[in-house]
Every structure is written in C-alpha cells, then in structure tokens.
Visitor: 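Structure in structure tokens, see below.
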There are 2 protein chains.
Amino acid sequence: MNESAKAGSGYPIRAVERVCDILDLLQIEPEGVSLVAVTAATELPKSSAYRYLLALEARQYAERDADTGLFRLGPAYRPQRARQLGRLLECAHPALEQLRNKVNETVNIGVLDGGEVVHVAVIESQQMMRLAARVGERGPVHATALGKVIAAGMPEENVRTILSGHGMRTFTPATIVTAEAFVRELARVAKLGYAIDDLEAQDDGRCVAVPLPGLPFLAGLSVSAPSSRLSNDGVPLVVTRLKKAATAIVKAYERSPL
Amino acid sequence: MNESAKAGSGYPIRAVERVCDILDLLQIEPEGVSLVAVTAATELPKSSAYRYLLALEARQYAERDADTGLFRLGPAYRPQRARQLGRLLECAHPALEQLRNKVNETVNIGVLDGGEVVHVAVIESQQMMRLAARVGERGPVHATALGKVIAAGMPEENVRTILSGHGMRTFTPATIVTAEAFVRELARVAKLGYAIDDLEAQDDGRCVAVPLPGLPFLAGLSVSAPSSRLSNDGVPLVVTRLKKAATAIVKAYERSPL
DNA sequence: GACAATAGTTCCATTGAGCGGAAGAGAAGT
DNA sequence: ACTTCTCTTCCGCTCAATGGAACTATTGTC
C-alpha cells in the first residue's frame, strides 16, 4: 500500500471515490458487512450506499452471504479469476492462431461476466474487411453467438434473470427480442452443440460459436466474419474446425500447470 | 466468475459500471494497457477514460508502469494487502484490548491509503462519553495523530504531494494548515517518536499516536479521548503504554505464520 | 530539422445521471 | 400487538460528471 505513497490525481470523481471506499472496506472485512455498517464507515447516505453495493454486486465485485445477508468482496475481485483467465489465454493462443489461419476470419474467446459476454481474446483476420471486436469489449448474451452458447450452458432461470436485468435490445431486424424465443433458441443450440449469430448483432455480420466446456467459468469460442464471406452453407465446416480447436484449447488448459 | 451467474441489480449506476469495466480490463491485461486501448475496449470517450484511470490511480486501484506509461492494476487490488491487514488485525487484537483496558480510552490502528489515514481497528472505550472513529473511517494526514506518525515515516516530497493533493482543511483553530508548519511538526514527531492531535481534528478531542514500524505498509497505533480526560500532562504515560503495545503488536505480527 | 500522426492532458458550458430524503416493507425483539 | 431497527423503493431536483475540443507531448518518417 505504501509502495508508492504518491497521491493527488487532480481528477477526483466522487463516484469513483465511493466505489473505492466501499471496496476498501470490503477488503478489510472478510466476514462481510451490513448495509448499516457500510453506511457508517463510508459516511454515505444509506440509499446511496445501498445502490452502490447493488451495482457492485451486479458486476460481482460484491456479493451477499446467503445466510447473513452481509456484503463481502465478490468473485470479480478474486485474483484466481484473473489467473485462470491468463492461463486460458496462454493455452489457447496457438490453437487460436491456427484456427484463424485455417478459416481466415477473426476468432474470439468470450466469457460471461455480470450477465454479459466479454471478449477476452481476439485474433483478427488478416483480411482488410473483417468483423472484429476488441479485447475487453462486451456484448449482450441474447444477440451474440458467444452469448448463446454460454447461456445454453446455464439454468434457464439464470438466463431469464440476465435477460430481464439487461433487457433484449434490438440491434437488427433479426435480433431475438423475447425471452421465450431466446429460450427456444437455446434449446436448439444445446442440441446442435453450436450457436449462430445470424445477422442478429450486425446487419452484415455472422458469427458461429461453440462452448469451451470444463473450464471453471462459462466461456465460448467463435469465428466472426462479414456475412458475405460466411454463408449459412459454410457454417458446418466452420463448426467442425471450431469444435476441434475448442477440444485442443480445453486439453491444453487441463494439462497446464496450476 | 460464473460461481453465480445471477445478474440484474435493478440499480445500474453508470459510473460504477465504468469503474468495473476498467477494472475488468486491467485484470485481463496484466502487462498493462494504454489510454487508447482502454478507450477502445471500454468505448468510453478518451477524456472520460483518462479521468477514471487517474481517479483509480489516486486510490491505487490502478498504477502506471514507470517505463511504458501503461496502466495496470494497482496495489489496492492486490490481495496480499488484505491478507497482511487481516493478519495484523488478528495479531493486534489482544494487545489492543489490553491497552484499551489499561488506558480506558479508545484505541485505534490506522494505515495510509490513497493519501489518507484509514481506521482499520477501533477498540472503543467502555465509557459512555468517548471519542471513537469507526472501522473504515478516513481522516486527513495533516490533522490526525495517526496521520502525523505515518507522515513522519515518509519522504518529505511524498508528504508535500499528499498535502497539495488533498488540501489542508481547517477543522479547528488548532489545525495545522500550512505545509511548512506541518513539515516542522513532523520533524518534532520523528524526534519524539510520537505525535499528538492536540484539538486539531476536534475541539474537544485529543489523540496520541506512535508508529508501528517494520510492517509492509505505513501504520500507526493511537489512543483517542475527550480532551477533558486526556490532558497534556497525561500524555507521557499514554505514550509509554502505546510504545509497549506497539512493540508487542509488531512482534506478534513478525511471529505470525505467513 | 520539419512535419505528420498519435498519445496523453486540460478545460468548461451543459445537462441528465445520480442523488438522498422520505416512505414503505421486512425482520427481530419484547 | 407494538416498537425498533434494517433493508428496499421511489422520484423531483440539481450539481457532479460529462465529452468534445483544444492543447501539449511524444514518436516516427523523410
């Protein structure tokens, strides 16, 4: 903490201060704290403290003990997650590049976080015209192939909670916008073993994804391309390659040192 | 991360989302990211991303690599700090209670964080009228005894940075409000081996503090009381007891399992 | 050295995101 | 049943935060 006692940003943002105050407190109270205790310690108005805690909970930086209802640090704050992710990315890299070279399109790994899909690896197509998210970019579960394969591995109840919490925004005329239709799509996905974003997130983009099973978190592997280059006819071949790469990635992860 | 895929808080706070987005990104980029990369990944306007990063840096949730200038997770995010703190609090508890019982006033441990003093342990006097901060409460370095003993252990340059970043608010007529006077006070503190908040933070409160040396972070131990009960004449005895307790605490910490 | 491009930093008029008090609901204790 | 305390919800209001633009610094190329 005093590794650098330097201070003063010149850019105080009250909300950031408040988040940090709360996270600081949760760090020094590993057994958890009540809302009243948070209020007292941070001197925030109670309703503000409550809203912040819920917002942090939604992003898994805080969680609630089921029995006591006390707030404590959440999974997002646990370093093992970062380590596990780092490990996955390391293991996956060779297979990702190989896959990218085989299909000549952008390949991605996405993981579930706070009810959204985060792109944690993006190996871009070398073509000029390409569909490519950036590392760290987030997308909704309901309109992305990655989101679909991830959601297909979750209990339906949890899927519905995510959908109602995040909404089902319409990106294109093809976007699935009702929970019922989405749940039906997930049944299809689970059966087929892969998902397609068929012009649902972008009018001219198509994406195919398969799950990465057996990891300590929900993740998927996908190929994304302009729709002109990835037709529905071409999907089966891409799926075959995705599944082969997914198998290689998971095997490499399982073999990697802890 | 998917330990609980539950989502949806009903209380989105955009600023909290933004903090979490940035922290998420920093977690998956251990070598660090540039402002431009943060901007791209989070889709924040550049100046907003910049301000958030600086605000997080001020609270040590982010830091900058001295050579590359890249932002990465800061010390506040490192679990070993929480563990070290937890360990200190555990070791200190018996000595704190004993000290509280001896002096019959509230005893505190404070640590430096983001240019302020955080109370991380507060064992309250059993008297009805008492001066007692709460765990997690923060105070300014310049007007607290804990702040003084901590600052006395820092390079003067760093002290000045803290003072200019946080300001030197006037709490009472006795508050030291210029950097020059404060630096002189610190020289006195360093020489004496203890510090007094002599009605500087509160009109009717007095506080005596000694450093806790040899810890992996800057910390101090203090006794706080209504001024009517802690006269200047009584300070030397309290200092003796504080130093004895500080020695016991540090010894216990050093002996405790890692 | 000159120029261009890019990254980082600062500023401020504007406004809507966030606020916090109050009310309501729930839980616990007598 | 009543009281007290904690947790949860709501909404009119305002000011903290915003983000675009300008400026500064750095890097790369010729």
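A, B, ... follow the sequence lines: proteins, then strands. Residue 1 opens every chain. As the structure is a prediction and not an experimental result, all values here were calculated from the model. Below, all heavy atoms of this structure are taken into account, side chains as well, without hydrogens, waters or symmetry copies.
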Visitor: How many angstroms lie between CZ in B:Arg59 and CG in A:Leu23, if you round to the nearest 0.5 Å?
Guide: 9.0 Å
Visitor: Distance from A:Glu17 atom CD to A:Leu44 atom CG, nearest 0.5 Å?
Guide: 11.0 Å
Visitor: Between atom CG of A:Asp65 and atom OG of A:Ser34, what is the distance when rounded to the nearest 0.5 Å?
Guide: 12.5 Å
Visitor: Please name the residue in the list A:Val33, A:Asp21, A:Asp24 that meets the side-chain contact (heavy atoms from CB on, under 4.5 Å) test with A:Thr42.
Guide: A:Asp21
Visitor: Once you round it to whole Å, what is the distance between P of D:dT6 and CZ of A:Phe71?
Guide: 14 Å
Visitor: What is the distance, rounded to the nearest whole Å, between atom CG of B:Leu53 and atom C1' of C:dT10?
Guide: 16 Å
Visitor: Return no unless some side-chain N or O of A:Tyr50 is found under 4.0 Å from OP1 or OP2 of D:dC7.
Guide: no
Visitor: According to side chain to side chain contact (heavy atoms under 4.5 Å, CB included), who are the partners of A:Ser222, at least two apart in sequence or on a separate chain?
Guide: A:Asn108, A:Leu146, A:Cys207, A:Ala209
Visitor: Which parts of nucleotides 17-27 of chain C does protein reach within less than 4.0 Å, heavy atoms only, written one letter per nucleotide 5' to 3' as B for base, S for sugar-phosphate only and - for none?
Guide: SSBBB------
Visitor: Atom OH of A:Tyr11 and atom P of D:dA16: how far apart are they, to the nearest Å?
Guide: 17 Å
Visitor: I need the CG-C1' distance between B:Leu54 and D:dA17, as an integer number of Å.
Guide: 15 Å
Visitor: In terms of heavy-atom contacts, does CD of B:Glu90 have more than 12 from other residues, nucleotides or ligands at under 6.0 Å?
Guide: no
